[in-house]
J.: 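Structure provided below as structure tokens; questions to follow.
These numbers were taken from a predicted model, which means no experiment stands behind them. Lettering of chains follows the sequences in order, A, B, ..., and the numbering in each one begins at 1.
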There are 2 protein chains.
Amino acid sequence: MAGVKNKDKGKEHKQKNRGRIAGLLRKSGLKATKGRVEVLTLFLEAGRPLAQMQIMDLLGMKLDRASVYRTLSAFTDAGIIHMAYVDGRHRVYELPDKCGAQSCHPHFSCRGCGMTACLEDFHVHYRGTLGKGFVAERQKVLIEGLCPDCKKT
Amino acid sequence: MAGVKNKDKGKEHKQKNRGRIAGLLRKSGLKATKGRVEVLTLFLEAGRPLAQMQIMDLLGMKLDRASVYRTLSAFTDAGIIHMAYVDGRHRVYELPDKCGAQSCHPHFSCRGCGMTACLEDFHVHYRGTLGKGFVAERQKVLIEGLCPDCKKT
DNA sequence: AACACAAATGCGACATAATTGCAAAAACTT
DNA sequence: AAGTTTTTGCAATTATGTCGCATTTGTGTT
């Protein structure tokens, strides 16, 4: 399973990205440590929401549990990521690039395998009153169901 | 062992409800044990979402922690309750009486004090496609904002 | 380029939430 | 009322998340 071979091209590319991402971190007032660069790279490459456990799995013990938590916390404080939703017992984070100030795009969560995805073409409209004195600042929508794979079974 | 005194009127009422609720449980294929009746009664009387901890508090040690968890799980499997949302680290459950098969009513969560509420007059419509092969079974909507109290500050 | 300082990491300890195994108790069946 | 099955209570275990502290790592400075 473990691919030991690295193409030089890929290596170069990684190095370049590394610098770019490190810059991103510094711009947000964070030190560009190895772990942080790895985690941010994950988010940028995954293109989907990630939870702490998934990050650990993808990183393969390269980073301590506590550090991942602290990284997520630091990123959240810095606004680099934000909590997309809570999936069972896991807090799921994502880049805020597709979210407006008031509403985050909806998310999909598969009841079968737990896979999650962003629904960018999915629009939610709501009508009604919150009640006297309430102010709505943000909406979070989660669609639960089955992904194609789990549907087949 | 504790609290031996009961007003007769309240007792009668409680007894009646007890039978009704026990019936409800049996109809769902669950044994009507003391603990389950107590918990379901709580849900019916509270009229608001409840988390395990709140149930424990309200029941006052009458039921073991593990039993509460198992009760909530059994109720959820039976469809008597469902998880409304996750509040911090707590899973909050509620009766599904105000929810349709495919959509639960939205919830409101105050950014200031953390208070949560059900929005029954709030209707959510969504339009768009999930993607090939995906099946939507349920939607959960959370509105975040400020409650009247926190707004004043 | 080397240094020094602040900040982040790893690790272990701790805290809390949730689950499981099993013997004892309670609920349903007849 | 006796027998069967499920549920409960308790203890032990797992999982999730935090915290303190010694050590390492970035970063700006010399």
J.: Take the protein atom CG of Asp64(B) and the nucleotide atom C1' of dA18(C), then report the distance between them rounded to whole Å.
T.: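 Answer to the nearest Å: 12 Å.
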
J.: So for the helix from dA1(C)-dT30(D) to dT30(C)-dA1(D), with five pairs setting each end axis, what is the inter-axis angle to 10°?
T.: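 Computed angle between terminal axes is 40°.
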
J.: Can you list the steps and then say if Glu38(A) with Leu63(A) is a side chain to side chain contact (heavy atoms under 4.5 Å, CB included)?
T.: CA-CA 9 Å; Glu38(A) 300 258 17; Leu63(A) 206 57; 5.9 Å; no

J.: When you check the phosphate oxygens OP1 and OP2 of dG10(C), does a side-chain N or O of Arg65(A) lie under 4.0 Å from one of them?
T.: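 So the side-chain polar atoms of Arg65(A) never come under 4.0 Å of the phosphate oxygens OP1 or OP2 of dG10(C).
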
J.: Taking the side chain of Tyr69(B) as its heavy atoms from C-beta onward, which of dA12(D), dT16(D), dA17(C) lies nearest to it?
T.: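 Between dA12(D), dT16(D), dA17(C), the one nearest the side chain of Tyr69(B) would be dA17(C).
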
J.: Can you identify which nucleotide, out of dG12(C), dA13(C), dA18(C), has its nearest atom closest to the Ala66(A) side chain?
T.: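 The closest nucleotide is dG12(C).
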
J.: By nearest heavy atom, map Gly29(A) and Met53(B) onto DNA chain C; which one lands nearer the 5' end?
T.: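 The residue mapped nearer the 5' terminus is Gly29(A).
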
J.: For the atom pair CD1 (Ile21(B)) and CZ (Arg36(B)), what is the distance rounded to the nearest 0.5 Å?
T.: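 It comes to 14.5 Å.
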
J.: Measuring from the side chain of Arg70(B) (C-beta onward, heavy atoms only), which nucleotide among dA11(D), dT16(D), dT8(D) has the closest atom?
T.: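 Output: dT8(D).
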
J.: Output the rounded distance in Å from CG (Asp57(A)) to P (dT16(D)).
T.: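 Answer to the nearest Å: 10 Å.
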
J.: Just how far, in rounded Å, is P of dA17(C) from OH of Tyr93(B)?
T.: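 Taking atom P of dA17(C) as the reference, OH of Tyr93(B) is at 14 Å.
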
J.: For the pair made of CG in Leu59(B) and C1' in dG9(D), what is the distance, rounded to whole Å?
T.: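 Leu59(B) atom CG is separated from dG9(D) atom C1' by 14 Å.
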
J.: Rounded to whole Å, please give me the gap between CD in Glu38(B) and C1' in dT8(D).
T.: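 Rounded to the whole Å, the gap is 14 Å.
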
J.: Taking it one step at a time, do Phe108(A) and Phe134(B) satisfy ring pair (Phe, Tyr, Trp, His ring centres under 6.0 Å)?
T.: CA-CA 9 Å; Phe108(A) 176 85; Phe134(B) 286 90; 5.1 Å; yes

J.: To the nearest Å, how far apart are Ile55(B) CD1 and dT8(D) P?
T.: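 Atom CD1 in Ile55(B) sits about 13 Å away from atom P in dT8(D).
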
J.: Mind checking whether Thr33(B) and Leu25(B) have side chains closer than 4.5 Å, heavy atoms only?
T.: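 Side-chain contact under 4.5 Å: no.
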
J.: Judged by atom type as modelled, is there a donor-acceptor pair below 3.5 Å linking the side chain of Ser73(A) to the main-chain atoms of Tyr69(A)?
T.: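 Absent.
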
J.: Would you mind reporting whether Gln52(A) and Arg91(A) have side-chain heavy atoms less than 4.5 Å apart?
T.: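 Arg91(A) does not reach Gln52(A) side chain to side chain.
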
J.: Using a 4.0 Å heavy-atom cut-off, write out nucleotides 25-30 of chain C from 5' to 3' as B (base contacted by protein), S (sugar-phosphate only) or - (no contact).
T.: --BS--

J.: Over how many whole Å does the gap from Met56(A) atom CE to dC11(C) atom C1' extend?
T.: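 Rounded to whole Å, this separation is 13 Å.
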
J.: Report yes if some heavy atom in the side chain of Leu24(B) is under 4.5 Å from a heavy atom in the side chain of Ile80(B); otherwise report no.
T.: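 The answer is no; the side chains never approach within 4.5 Å.
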
J.: Can Ile81(B) and Leu50(B) be said to form a side chain to side chain contact (heavy atoms under 4.5 Å, CB included), step by step?
T.: CA-CA 10 Å; Ile81(B) 59 173; Leu50(B) 294 172; over 6 Å; no

J.: Establish, with yes or no, whether the OP1 or OP2 oxygen of dG26(D) is under 4.0 angstrom from a side-chain nitrogen or oxygen of Arg36(A).
T.: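 For dG26(D), neither OP1 nor OP2 has a side-chain N or O of Arg36(A) closer than 4.0 Å.
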
J.: I need the CG-C1' distance between Leu25(A) and dA7(C), as an integer number of Å.
T.: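 For the pair Leu25(A) CG and dA7(C) C1', the rounded distance is 14 Å.
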
J.: Are Glu94(A) and His82(A) packed together at the side-chain level, in the sense that at least one heavy-atom pair is separated by less than 4.5 angstrom?
T.: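 The answer is yes; the side chains approach within 4.5 Å.
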
